[in-house]
Every structure is written in structure tokens, then in C-alpha cells.
Number of protein chains: 2
Amino acid sequence: MARAGLTRERLARAGAELADEVGFDEVTVSALARRFDVKVASLYSHVKNSHDLKTLICLLALEELADRGAAALAGRAGKDALAALANVYRDYAREHPGRYAAAQLRLDPEAAAASAGVRHAQMTRAILRGYNLTEPDQTHAVRLLGSVFHGYVSLELGGGFSHSAPDTQTTWTRVIDALDALLRNWPAPSGPGPAHRSTS
Amino acid sequence: MARAGLTRERLARAGAELADEVGFDEVTVSALARRFDVKVASLYSHVKNSHDLKTLICLLALEELADRGAAALAGRAGKDALAALANVYRDYAREHPGRYAAAQLRLDPEAAAASAGVRHAQMTRAILRGYNLTEPDQTHAVRLLGSVFHGYVSLELGGGFSHSAPDTQTTWTRVIDALDALLRNWPAPSGPGPAHRSTS
DNA sequence: GCAATTACCTAAAAGCCTTAGGCAAGCGGA
DNA sequence: TCCGCTTGCCTAAGGCTTTTAGGTAATTGC
């Protein structure tokens, strides 16, 4: 009987499509086997286990996102670059919600270090070249931008902002305006002051 | 034989503890039954299905978070209030990672409207009373704050900032400084300008 | 103390994960 | 061309989780 021609790459790709269709949580070895019209056990020649499969999809999504980010950043600087990268994340999450969810998978440290995740941090840092930030403020700003991008996109995707005025597109552009203004005018550290501190 | 005394409330509470111990994704009807030393089917008298159980835990977490937020905000205003609420989210996520993950569960709209989620939005809006923002900027700011809180906490919890200098506590206080500065100096909308727009 | 309720049980079917071992397809070399 | 080896996909099987149906015993209220 003819072989299906399974590969780790093909599994990752099909798994990513499946994730976008039914949600990342519903991606299962069984479902993927059905999609290839193959018995479940056959996948275990290519994939260690269910978690390995999800890791593959995560890595694929991180690569795609990083590629899109790099393309969007090329030739841009300052606020233009900021908006471009921000939109890459948001657009990707809307086009490929399953893949975006996959990209949030917690990778073990070595896998994370070898993944495209590092390119993401580099791209965010590259944006800050258009603003006058020195260390350690640059790192603080990288983390802030990452938090806003991820937080906004995931809340919006989860329906957190749903159906209330003003529309989320308007808020999104205003948030980018605000981040741009903030980066151009990054505040000096406040004194110890009365601000409540975390107890941990 | 003696009865276990199961209740929706007790199930939610035990489920929350279980989530903190093994992770929200590993919370299962079976595991919870084991914890009560009871057969699995018995839980189905109290809980519709697995998703219903997770919803219960989510609602519990949202309540707890809102209660902590309200307590932290009492008697505070301005940056002090901002830092207090921010720390509530972060501290809660660190103390109760499983519950925090549960709070991110996507609720169906009516459940969401009846949940403590609305109190969260109100609290964030209350903070903005200490800053001079009018609609629609106030809503934009509410969404931005929500994004930063959620995004930062979830990235930090997922290890996104792990083991790199400067430490995350320093970044966190600087991020709050930055948000405070931004809210005190909220920028006017930029013109149409050259900024890249989302294609969607 | 008895009836009615309800809490928990047994039983069973279905789906997913994972491992072990078998057959055959397709490749390399003679 | 034919043979053997590798490897891709298979069958079989055990274990865990979900969910439903229907039974028995504990508790509540009169």
C-alpha cells in the first residue's frame, strides 16, 4: 500500500493548520493522524509524544512570526517600525489564532534558546534604536513592548474588548501612539517614594 | 458509608488548589475525584462536565483577584493606586499560578458579564480617576493597562524574562513608572501619517 | 419512624496516548 | 535484475479521562 510520506515538517505544517481550524488545545495526535488518513501509532515514528508535536507547531509559529517581523521591519525606523512590528503580531494572531496560541507554549530553556524566540527579542530591541534609550532602560522597554503586544493581542483575541465602543482598531492605533510617545520621553526612575511594592 | 460532602463550592476550591499544584491544564475531573477519594462519576452530580469545572475555578479566581484588587485600591489614588493594582495581579499570579491561568479561561459572553470580570474593568477605570483622561482616551488607557498587566505577568510567569539582567522586579517598578508618566502625559492622536496600518 | 430526596456508587462505551512488535515498500549494492 | 536492509506504516493492547445510565444507601423532613 502507498505510503503517506510523513515528515516532522509536514506534521508541523498540518498541525499548524489544524490548530488554526479547531484551536491549539484541540490539536491531538489522533486528529492529525485522521487528517493524513493514517493510523495513530504511525505518527509516533516521527514524533516523540503529544508534547513534542505541540513543540513542533510552536517552533513553526515562532519562525513564521519572526520572518514576518523581519520583513515588516526592513527599511523602517522609529514609530513606523514600532507600528509595523506591532501589527505583525496582531495580524498574525487574527489570521492564525491556533498558531499564535502555539507560539505561547512554554518551551524548555534549551529549546527556547534555539528557537526563533531570540529573533523576536532582537527585533524589539532593533526598534528601540530609533529612540534614545540606554541600558538598562532599553531592556525595560523591550519587556514593556513585549508585554503590551502579547497582552493586547491575547486579550483582544480572547474577546476581552469585545463589542464595546470604541472599536479595538482605534484603541490599537492609540496604544501605538502612546507607546511611541512614551519611548520618546522615557521617564527617569522615581525615588523610593510611597509607591506600594510587591511583597515577594 | 460516609458521604464526602461535595459541593460546587468545595469542588471549585479544591480544583483551584489542584490547579496551583499541577497546573490548570492538568486539572481533570478524575484528579479531583481522587483528591476527594470518591469515584469519578460522583462529581457529575455537581458539575455538568469538565469545562463546567474549569469555569467554576475561573470564576473563583476572578472573584479572589477582584477582592484583592478592591482591598489594595482602598484609600489609594494616582500612581500609588496604579502600583497597588498592578502588584495585586503580579503577586496573585506568582502565589497562585494555576488560579491565574484559570482566570484567563475564555468565558461565554453571559458568564463573563455575570462574573467578577466586570469589577476588574471598573477598578482599572477607577485608577484613571487620578489622571486627567476623558473618553475615549480613558477606554484606550483601560485597555492598555489591562494589556500590560496581563502581558507582563504572563510572560514573566512563562519564563520569558528569565535569568537575564536586569532582574524582573526592577523592570516591573520601572514599567509602572513609565505607565504613570504616560498616563500623566497622554498624547493626542497622531495624524493619519505614514504609520503602517493593519491590513484587516 | 417513614417517605422522599439526594449523594455516591457500579457499569459501560467512547476517545486519546503510548508502547511493542510485525509486514512490506523502497532504497542501496552486487 | 535481484537481494537485503532500512524504515514507514500497520495491528494489538494497556491505561487513563470523559460522560451517561441506572442502582443503592444515607440523609432530610414530616
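Chain naming here is simple, since letters A, B, ... match the order of the sequence lines and numbering starts at 1 in each. As the structure is a prediction and not an experimental result, all values here were calculated from the model.
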Output side-chain donor-acceptor pairs under 3.5 Å for residues 181-189 of chain B, partner residues at least two apart or in another chain, one line each.
from: B/Arg184; atom 1: NE; to: B/Asp180; atom 2: OD2; distance (Å): 3.1
from: B/Arg184; atom 1: NH2; to: B/Asp180; atom 2: OD2; distance (Å): 2.8
from: B/Trp186; atom 1: NE1; to: B/Asp137; atom 2: OD1; distance (Å): 3.4

Q. Does the pair A/Asp52 and A/Arg8 meet the rule for a salt bridge (charged side-chain N to carboxylate O under 4.0 Å, His left out), with working shown?
A. CA-CA 10 Å; A/Asp52 185 31; A/Arg8 279 176 80 81; 3.3 Å; yes
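Within the nucleic acid shown, B/Ser50 comes within 4.0 Å of sugar-phosphate atoms alone, with no base atom in reach, counting heavy atoms only.
Straight-line distance from the CG atom of A/Leu43 to the C1' atom of C/dT18: 12 Å, rounded to whole Å. In this structure, A/Leu6 places its CG atom 4 Å from P of D/dC9, rounding to the nearest Å. As a whole-Å value, the separation of B/Arg8 CZ from C/dC8 P is 15 Å. Look at CG on A/Asp52: it is 13 Å from P on C/dC17, rounded to the nearest Å. A/Lys39 has its NZ atom 13 Å from the P atom of C/dC16, to the nearest Å. Going from atom CG of B/Asn49 over to atom P of D/dT19 covers 5 Å, rounded to whole Å. Distance B/His46 NE2 to C/dC9 P: 10 Å, rounded to the nearest Å. For the pair B/Tyr44 OH and C/dA11 P, the computed distance is 19 Å after rounding to whole Å.
Residues B/Gly98 and B/Phe24 share a closest heavy-atom pair of O-CB, 3.7 Å.
Once rounded to the nearest 0.5 Å, the distance linking CG of A/Leu43 with CG of A/Asn49 reads 12.0 Å. Atom NZ of B/Lys48 and atom CG of B/Leu56 lie 9.5 Å apart (nearest 0.5 Å).
Look at A/Asp177 and A/Lys79 and you find a salt bridge, because one of the NZ, NE, NH1 or NH2 atoms lies within 4.0 Å of a carboxylate O, short of that distance.
Side-chain atoms of B/His150 and A/Ser154 form a donor-acceptor pair, as typed in the model, at a separation below 3.5 Å.
In this model, the phosphate group of C/dA7 is not approached by any side-chain N or O of B/Ser42 to a distance below 4.0 Å at OP1 or OP2.
Distance from the side chain of B/Ala41 is smallest to C/dT10 among D/dC9, C/dT10, D/dC10.
Contacts of residues 22-38 of chain B with DNA chain D (heavy atom under 4.0 Å): B/Thr28, B/Val29, B/Ser30, B/Arg34.
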